[in-house]
Amino acid sequence: MAAFVTPVWASSASVGTTPRTLGASGSCVLRPRLRSAGRCRSRAGVSRLRGERMRSAMESDTVVDKADAHSLGTGAPASPSAPATVAESAALGAAESKNGSVREGRKEGIMRLAIPSKGGMADETKALLKAVGMDLVISNPRQYIAKLRDVENLEVWLQRPSDIARKVANGDVDLGITGHDLIAEYAGMSQEIVTVHEDLGFGACHLGIGVPMGWSHINTIDELFAEYANAPEPLRIATKFSNLGERFFAEKGFSNYRFVYMDGALEASTQMGTADIILDLVSSGVTLRENLLKEISGGMVLQSTMQLVANRTELQKSKPLLGVARELLERIEAHILGADQYNLIANIRGASPGEVARKLAKGTVLRGMDGPTISMVIPPQGMDEGMYAIALVIPKRLLYRAVQELRSIGGSGVCVLPVTYVFEAESKRWNQVERALEL
Ligand SMILES: Nc1ncnc2c1ncn2[C@@H]1O[C@H](COP(=O)(O)OP(=O)(O)OP(=O)(O)O)[C@@H](O)[C@H]1O
Ligand SMILES: O=P(O)(O)OC[C@H]1O[C@H](OP(=O)(O)OP(=O)(O)O)[C@H](O)[C@@H]1O
């Protein structure tokens, strides 16, 4: 049966010779596969450890929430009724939110958005907010609270990405920007999470299994399972994604494993000898490679990008919050759509707008989003008439083809402008949110 062992706390600052090489040795250490599991806990011990971790994780300091004071494993002893899974914890958190116990310290009428406090995701989130004209205003860089320019009654809380998922689920914050992987791991079963935008266009990665490169006979998930199905000692898997991992292995019918909980730098664990394989996020694959690990076919658990999520109960009861969520969503989706397009302006000679339109129709990419805009150019006195300006929006990847097609029908002076936003007639995503909220 799957089990947790005592958490192994690893600091990325304390290991590794290069930023991405986490092991001390340069060669692959092919681990003896069947090691003694001396520290494996009993079933009861596992539940207790889980309960403690989850309770601790769900506890929230609503006054000043130090984003770096991550307290997994240090919470108060769990009661016999402590939630066994994160999903149960999230549900419990939501219930606590409703009866007000976690709302202490929260100002009436003030909405809350949580965004990543540090690292690449923090920078990208700030850049996105700036790009949509809702710049982050931080008055005190040592505090974890900020504002969005021109948005009244909204506090922006800078939080660790994993905490954001939990805090949206339990209603400590109303809105959050964080990774889909973390939402799935820490609040995946919570009915309280509503996805407002499923792909903010950054933070793409996947959760996958990494095995030592030296295991040349293991290249697929089936080969891995076959190797360990009846092994006397369970497969040791270093991860911080135990919920997603547990679900994945259960679906595949594999149970002879146990998790070695690590918070970071877990690519080091196989060479260090603390785990046999890892389950971690992969983006470029460089960290895996440089730590002598490889992915295996069928070992991908989940794909992820950054998302905008909201707390269902809070959205249902607050019109101002609905307004802020909708504006954020619409600005972001119009920006993402616009970022992929160019606005082309060119001159074309013709006898009439109709004739110019017919010329444009000969091209394969000159229709624009809803057809080209054609307007008459008024020449200075004494100059030839019959010049028309056309404007159309095209996907960036089609730019050069569009220029060639314009030239072939007599186009000149092609100007290319960036598109800041494309707002469509209505936001289908927002319609979905309203349906999800049963509004
Ligand atoms: N290459 C990547 N590696 C890890 N996470 C990535 C990557 N690309 C995007 N992400 C996203 O960023 C999230 C993690 O962000 P970050 O690395 O800043 O936090 P963390 O320090 O791992 O999390 P926490 O502080 O909550 O433990 C991931 O869960 C994922 O959604
Ligand atoms: O495939 P790659 O592009 O190499 O990226 C993957 C690495 O990035 C993440 O670590 P992060 O830098 O967030 O540090 P962490 O180990 O502390 O989570 C992840 O845990 C991997 O280690």
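All ligand and atom numbering here is 1-based and tracks the order in the structure.
No salt bridge links Arg435 with Glu438; every basic N to acidic carboxylate O contact stays at or beyond 4.0 Å. Here Asp276 pairs with Arg236 in a salt bridge; the nearest charged N to carboxylate O distance falls below 4.0 Å. Here Arg429 pairs with Glu333 in a salt bridge; the nearest charged N to carboxylate O distance falls below 4.0 Å. Using a 4.0 Å cut-off between charged nitrogen and carboxylate oxygen, Glu185 and Lys240 do not count as a salt-bridge pair.
In the candidate list Leu288, Thr287, Leu266, Thr287 is nearest to atom 7 (C) of ligand 2, counting heavy atoms. Compare Glu124, Gln159, Arg160 by their heavy atoms: the one nearest to atom 25 (O) of ligand 1 is in Arg160. Between Gly119, Pro161, Gly210, Ser284, it is Ser284 that holds the heavy atom closest to atom 2 (P) of ligand 2. Across Ala268, Ser283, Gly264, heavy-atom proximity to atom 17 (O) of ligand 2 is greatest for Gly264.
In this structure, Pro161 is part of the shell of residues with a heavy atom less than 4.0 angstrom from ligand 1. Residue contacts with ligand 1 include Lys240, since one of its heavy atoms falls under 4.0 Å from the ligand.
Taking only nitrogen or oxygen atoms, main chain and side chain alike, Lys118 reaches within less than 3.5 Å of ligand 1. Geometrically, ligand 1 and Asp181 share a nitrogen or oxygen pair separated by less than 3.5 Å.
The distance from ligand 1 to the heavy atoms of Leu182 drops below 4.0 Å at these ligand atoms: 29 (O). When each atom of ligand 2 is checked for a heavy atom of Ala265 under 4.0 Å away, the hits are 16 (O). Those atoms of ligand 2 that come under 4.0 Å of a heavy atom in Val282, given as number and element, are 1 (O). For ligand 2 and Glu267, the ligand atoms under 4.0 Å from any heavy atom of the residue are 21 (C), 22 (O). Each of the atoms 6 (C), 19 (C), 21 (C) of ligand 2 lies under 4.0 Å from some heavy atom of Leu281. Atom numbering of ligand 2 starts at 1 in the shown order; those under 4.0 Å from a heavy atom of Asp280 are 19 (C), 20 (O), 21 (C), 22 (O). Below 4.0 Å from some heavy atom of Met121 lie the following atoms of ligand 1, by number and element: 8 (N), 9 (C), 10 (N), 11 (C), 12 (O), 15 (O). Short contacts between ligand 1 and Gly203, defined as distances under 4.0 Å to a heavy atom of the residue, involve ligand atoms 9 (C). Residue-ligand proximity, Gly179 to ligand 1, at heavy-atom distances under 4.0 Å covers atoms 31 (O).
The six-membered or imidazole ring of Tyr421 lies near that of Phe423, with a centre-to-centre distance under 6.0 Å.
Judged purely by distance below 3.5 Å, without hydrogens or angles, the side chains of Trp430 and Glu434 pair a donor atom with an acceptor atom. No hydrogens or angles considered: nothing links the side chains of Thr178 and Gln307 as a donor-acceptor pair under 3.5 Å.
Other residues, nucleotides and ligands contribute at most 12 non-hydrogen atoms within 6.0 Å of the CD atom of Gln303. Dense packing is recorded around NZ of Lys396, with more than 12 heavy atoms of other residues, nucleotides or ligands lying under 6.0 Å away.
Below 30°, between 30° and 60°, or above 60°: for Phe249 and Phe259 the angle between ring planes is between 30° and 60°, a tilted geometry. Taking the six-membered ring where tryptophan is involved, the planes of Phe254 and Tyr257 are essentially parallel, since the angle between them stays under 30° and well short of 60°.
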